Participant: 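Just passing along the structure, written as structure tokens.
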Amino acid sequence: MLDQLDIKNFVLINHLCIDFTSNFSVISGETGAGKSIILSAISIILGEKCKSDIIRKGESEAVLTGVFSYSEKADAIKEFLEKEDLLGEDDTIIITRTIKENGRTINKINSKTVTRDIVSALGSLLIDISSQRAHQGLLKSDVQLKLLDKFAKCDSLLSEYKERYSEYVIASKELEELKERSEKAKRDYDYYQFCLSELEKADLKEGEDDILSAELKRISLSEALTEEVSSAQGLLRGDISEGALSLLSHSVQALKKASSRDSSLDELCSRLESCQIEAEDISESLRDYLSSLTFSESELEEKNARLSQLQRIKKKYGPSISDAIKKREEYKLFINSADNAEELIVESEKVLARKKELLNTASINLSLKRKNEAKDLESKILTVLKKLSMDGAEFKVSFEEINPSSEGCDKVEFLIRANKGEKMGAIKDVASGGELSRILLSLKAVLAKEDETETLVFDEVDSGIGGLVASNVGDVILALSKAHQVIAITHSAQIAAKANEHYLVFKNEEGGRTLSHVKKIESDERVKEIARLLSGKASESALNHARELIEI
């Protein structure tokens with residue numbers, strides 16, 4: 001439950017703190033006094049989006065804090081806090097939202113900074129707000145379906161259905177994509193087969209073009225290379241005169257004789273022998289290189305033709321040989337897929353049929369549960385509506401079968417006949433504002449027994465009603481407060497008189513600025529406020545009537 005509401009620098013509020021100590025509290029005040037500001041503050045604490053223009057003029061930030069407590073039975077709240085590592089002390093939850101001038105918002109739960117989404121998720125477990133917006137939401141078919149599912153406790157069946165629906169959608173999409181690929185394959189088959197044939201005949205090898213380019217470059221330089229390398233080999237071999245190898249041999253022989261007389265020359269002799277061996281090896285390699293420089297005109301033409309072929313392949317499928325090889329593999333896969341497409345489609349259709357069968361079963365189970373529980377909902381709603389002075393009303397839940405969606409195959413519509421002799425119609429078409437308020441309240445009253453949300457906030461649930469009807473609405477809210485904390489923002493004296501605590505919102509001018517304040521009123525102050533709600537002023541008759549209402 002909401003134990004404390006602390007508001008700083010928010011719209012017309014400088015600073016106020018409200019301690020809620022009762023299960024049924026009402027907030028009243030003149031129109032424009034700031035009641036909606038209180039509701040907005042609560043909504044923002046629960047995670048609603050906000051802008052920096054809510055900061056009180058002249059201040060750099062607004063700080064809104066809600067202190068909550070929860071019972072041992074609040075399993076959903078405890079599970080959420082444990083999951084997000086937000087457990088505090090003594091089953092207390094402190095939510096603080098700080099709104100900065102630049103629009104940035106700092107959100108904290110039990111002093112830990114969190115995202116707004118986490119605040120919003122927790123807020124939905126802590127408080128259920130019924131406002132004019134909720135009245136409008138009640139007119140929507142999808143909202144009505146969610147209310148029915150909540151009453152019918154369809155969580156497990158709905159979860160199973162959603163899983164089957166997701167599987168069906170995925171299988172359907174896969175089949176559709178497979179058919180699209182098959183059609184594309186039929187259109188492009190001949191072209192892709194031609195491309196694959198061309199690439200396979202080309203017998204591509206990684207880096208072959210670079211090797212060929214290097215070889216052709218060497219061939220183009222072969223005459224100069226032959227002359228230069230031949231000269232180098234001649235100097236080593238001594239084709240004309242005594243060469244370097246012969247001189248090295250003589251030098252080695254001479255140094256060996258010298259080292260036989262002086263062992264200190266042994267190392268130099270060994271090194272010179274190594275030079276001789278290395279030089280002989282170089283000479284042999286040069287000979288082999290010269291042999292490789294010999295080529296025929298046909299070989300040159302063949303290499304040029306192959307390189308031209310590779311250049312065309314790269315231009316068409318490249319930009320590199322590696323890319324062309326990848327394209328070749330892609331075409332192979334495409335051709336194989338195209339050849340097996342019909343078989344794959346048949347198998348995919350079988351999978352889809354199985355998924356559809358499972359979806360249909362889940363849909364039927366969910367729909368039966370909804371329809372069975374809808375009868376009980378109708379009965380209970382009528383019971384509450386009678387308490388709210390709608391004795392001649394009839395309430396029905398209509399079902400229309402629709403194509404599968406993420407929420408099932410049922411379109412739900414709440415129908416109402418407000419008075420005998422009138423036509424039965426959708427509440428969005430036939431319910432007045434006051435009737436809509438009572439239908440919403442009756443739904444809250446019926447669903448509250450199954451709802452773990454401990455705090456219910458009603459914003460002007462008395463809209464469009466008064467007199468005995470308002471008194472009956474107050475009785476229903478009072479009954480709700482036996483199992484829930486109820487906070488009602490109201491203009492109704494009959495509702496306000498039934499509350500355990502009464503808070504008055506008022507404005508006054510301080511230092512040339514208008515400020516909103518809230519104070520808890522009791523005794524004579526409360527009598528005067530209820531008298532004002534009755535007649536607009538605290539006349540003697542209104543005061544007496546107010547006292548009677550409080551004593552009832």
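Everything numeric here is computed off the predicted structure, so don't read it as measured data.
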Participant: What distance do F395 atom CZ and I427 atom CD1 have between them, rounded to the nearest 0.5 Å?
Facilitator: 7.0 Å
Participant: After noting the C-alpha distance and the side-chain angles of I45 and T65, does the key distance pass the side chain to side chain contact (heavy atoms under 4.5 Å, CB included) rule?
Facilitator: CA-CA 7 Å; I45 288 171; T65 303; 5.6 Å; no
Participant: Begin with the C-alpha distance, continue with both residues' side-chain angles, and end with the deciding distance and a verdict on side chain to side chain contact (heavy atoms under 4.5 Å, CB included) for D475 and L388.
Facilitator: CA-CA 9 Å; D475 288 334; L388 298 175; over 6 Å; no
Participant: Are the side chain of E454 and the backbone N or O of S71 linked by a donor-acceptor pair below 3.5 Å?
Facilitator: yes
Participant: Are the side chains of I118 and L122 in touch, meaning some heavy atoms are under 4.5 Å apart?
Facilitator: no
Participant: Are any of the side-chain heavy atoms of F414 and L443 separated by less than 4.5 Å?
Facilitator: yes
Participant: Test side chain to side chain contact (heavy atoms under 4.5 Å, CB included) on V63 and T96; report intermediate values, then the result.
Facilitator: CA-CA 7 Å; V63 183; T96 301; 3.9 Å; yes
Participant: Keeping the roles fixed (side chain from S398, backbone from E413), state whether a donor-acceptor pair exists under 3.5 Å.
Facilitator: yes
Participant: Once you round to the nearest 0.5 Å, how far does CG of L368 lie from CG of L157?
Facilitator: 9.5 Å
Participant: What distance do I54 atom CD1 and I99 atom CD1 have between them, rounded to the nearest 0.5 Å?
Facilitator: 4.0 Å
Participant: Going by an N to O cut-off under 4.0 Å, is there a salt bridge joining K380 and D376?
Facilitator: yes
Participant: Are any non-hydrogen side-chain atoms of L46 and I129 less than 4.5 angstrom apart?
Facilitator: yes
Participant: E529 versus E525: any side-chain heavy-atom pair under 4.5 Å?
Facilitator: no
Participant: Apply the side-chain hydrogen bond (donor to acceptor under 3.5 Å, both in side chains) test between S28 and each candidate in H502, K35, H491, R532; give the one that qualifies.
Facilitator: H502
Participant: Testing E394, E422, E378 one by one against R417 for a salt bridge (charged side-chain N to carboxylate O under 4.0 Å, His left out), which residue passes?
Facilitator: E394
Participant: Any idea which heavy atoms bring F68 and I127 closest together, and the distance?
Facilitator: CE2-CD1, 3.6 Å
Participant: Please lay out, stage by stage, how H15 and N9 fare under the test side-chain hydrogen bond (donor to acceptor under 3.5 Å, both in side chains).
Facilitator: CA-CA 6 Å; H15 182 212; N9 303 326; over 6 Å; no
Participant: Salt bridge between E79 and K83, side-chain N to carboxylate O under 4.0 Å?
Facilitator: no
Participant: Does a salt bridge link K179 with E349, judged by any charged N lying under 4.0 Å from a carboxylate O?
Facilitator: yes
Participant: Keeping S172 on the side-chain end and V169 on the backbone end, is there a donor-acceptor pair under 3.5 Å?
Facilitator: no
Participant: So, taking the atom named CG in D128 and the one named NE2 in H484, what distance separates them when rounded to the nearest 0.5 Å?
Facilitator: 9.5 Å
Participant: Quick check: do Y503 and I521 have side-chain heavy atoms less than 4.5 Å from each other?
Facilitator: no
Participant: Taking side-chain hydrogen bond (donor to acceptor under 3.5 Å, both in side chains) as the test, write out the residues that go with S25, two or more places apart.
Facilitator: E501
Participant: Using only atom types and a distance under 3.5 Å, with no angle test, would you say the side chain of S516 pairs donor to acceptor with the backbone of A33?
Facilitator: yes
Participant: Decide if atom NZ of K520 counts as having more than 12 heavy atoms of other residues, nucleotides or ligands within a radius under 6.0 Å.
Facilitator: yes
Participant: Distance-only criterion, 3.5 Å: show the donor-acceptor pairs between side-chain atoms of residues 351-362 and protein atoms not counting sequence neighbours.
Facilitator:
from: N360; atom 1: ND2; to: K356; atom 2: O; distance (Å): 3.3
from: T361; atom 1: OG1; to: E357; atom 2: O; distance (Å): 3.1

Participant: Quick check on E510: does its CD atom have over 12 non-hydrogen neighbours (other residues, nucleotides or ligands) under 6.0 Å away?
Facilitator: yes
Participant: For a quick test of reading the model, state the closest non-hydrogen atom pair linking A445 to V476 and the distance between them.
Facilitator: CB-CG1, 3.9 Å
Participant: Could you verify whether a donor N or O on one side chain and an acceptor N or O on the other, from S69 and D3, lie under 3.5 Å apart?
Facilitator: yes
Participant: Can you tell me how far CG of N500 sits from OG of S481, rounded to the nearest 0.5 angstrom?
Facilitator: 6.0 Å
Participant: Set out, in order, the CA-CA distance, both residues' side-chain angles and the distance that settles side chain to side chain contact (heavy atoms under 4.5 Å, CB included) for I55 and S52, then state yes or no.
Facilitator: CA-CA 6 Å; I55 300 173; S52 60; 4.3 Å; yes
Participant: Side-chain contact, heavy-atom cut-off 4.5 Å: K153 with E373?
Facilitator: no
Participant: Cation-pi check for F506 against K519: NZ or CZ below 6.0 Å from the six-membered ring centre and within 45 degrees of the axis, yes or no?
Facilitator: yes
Participant: Taking E540's backbone N and O only, do any of them form a donor-acceptor pair with N544's side chain (distance below 3.5 Å, no angle check)?
Facilitator: yes
Participant: Counting distance only, does the side-chain N/O of T383 pair as donor-acceptor with the main-chain N or O of S379 below 3.5 Å?
Facilitator: yes
Participant: For E61, which of R56, K8, K100 qualifies under salt bridge (charged side-chain N to carboxylate O under 4.0 Å, His left out)?
Facilitator: K100
Participant: Taking atom types as modelled and ignoring hydrogens, do the side chains of D19 and Q4 form a donor-acceptor contact shorter than 3.5 angstrom?
Facilitator: yes
Participant: Working to the nearest 0.5 angstrom, can you tell me the gap between C154 SG and L145 CG?
Facilitator: 8.5 Å
Participant: Pairs in or reaching into residues 101-120: which pass side-chain hydrogen bond (donor to acceptor under 3.5 Å, both in side chains), with residues at least two apart or in two chains?
Facilitator: R97-N107
Participant: Compare all side-chain heavy atoms of K498 with those of V26 and state whether any distance is below 4.5 angstrom.
Facilitator: no
Participant: Are K444 and F458 in a cation-pi setup, meaning NZ or CZ lies under 6.0 angstrom from the ring centre and within 45 degrees of the ring axis?
Facilitator: no
Participant: Between E407 and K162, does any side-chain N to carboxylate O distance fall below 4.0 Å?
Facilitator: yes
Participant: Got V67 and I93 here, is their nearest side-chain heavy-atom distance under 4.5 Å?
Facilitator: no
Participant: Checking side-chain hydrogen bond (donor to acceptor under 3.5 Å, both in side chains) for the pair S471/Q494: CA distance, chi angles, key distance, verdict?
Facilitator: CA-CA 5 Å; S471 180; Q494 290 86 348; over 6 Å; no
Participant: Minimum heavy-atom separation for D410 to S367, with atom names?
Facilitator: OD1-OG, 2.9 Å
Participant: Do you know the tightest heavy-atom contact between F399 and L148?
Facilitator: CZ-CD2, 3.7 Å
Participant: Would the distance check show the side chain of S348 and the main-chain N or O of I345 forming a donor-acceptor pair, the cut-off being under 3.5 Å?
Facilitator: no
Participant: Looking at D6 and C17, would you say the former's side chain and the latter's main chain have a donor-acceptor pair under 3.5 Å?
Facilitator: no
Participant: Could you report the tightest heavy-atom contact between L440 and S130, atom names first, then the distance?
Facilitator: CD2-CB, 4.1 Å
Participant: Decide, yes or no, whether a salt bridge links E167 with R164 under the criterion of side-chain N to carboxylate O below 4.0 Å.
Facilitator: yes
Participant: How far apart are the closest heavy atoms of T490 and S492, and which atoms are they?
Facilitator: OG1-N, 2.8 Å
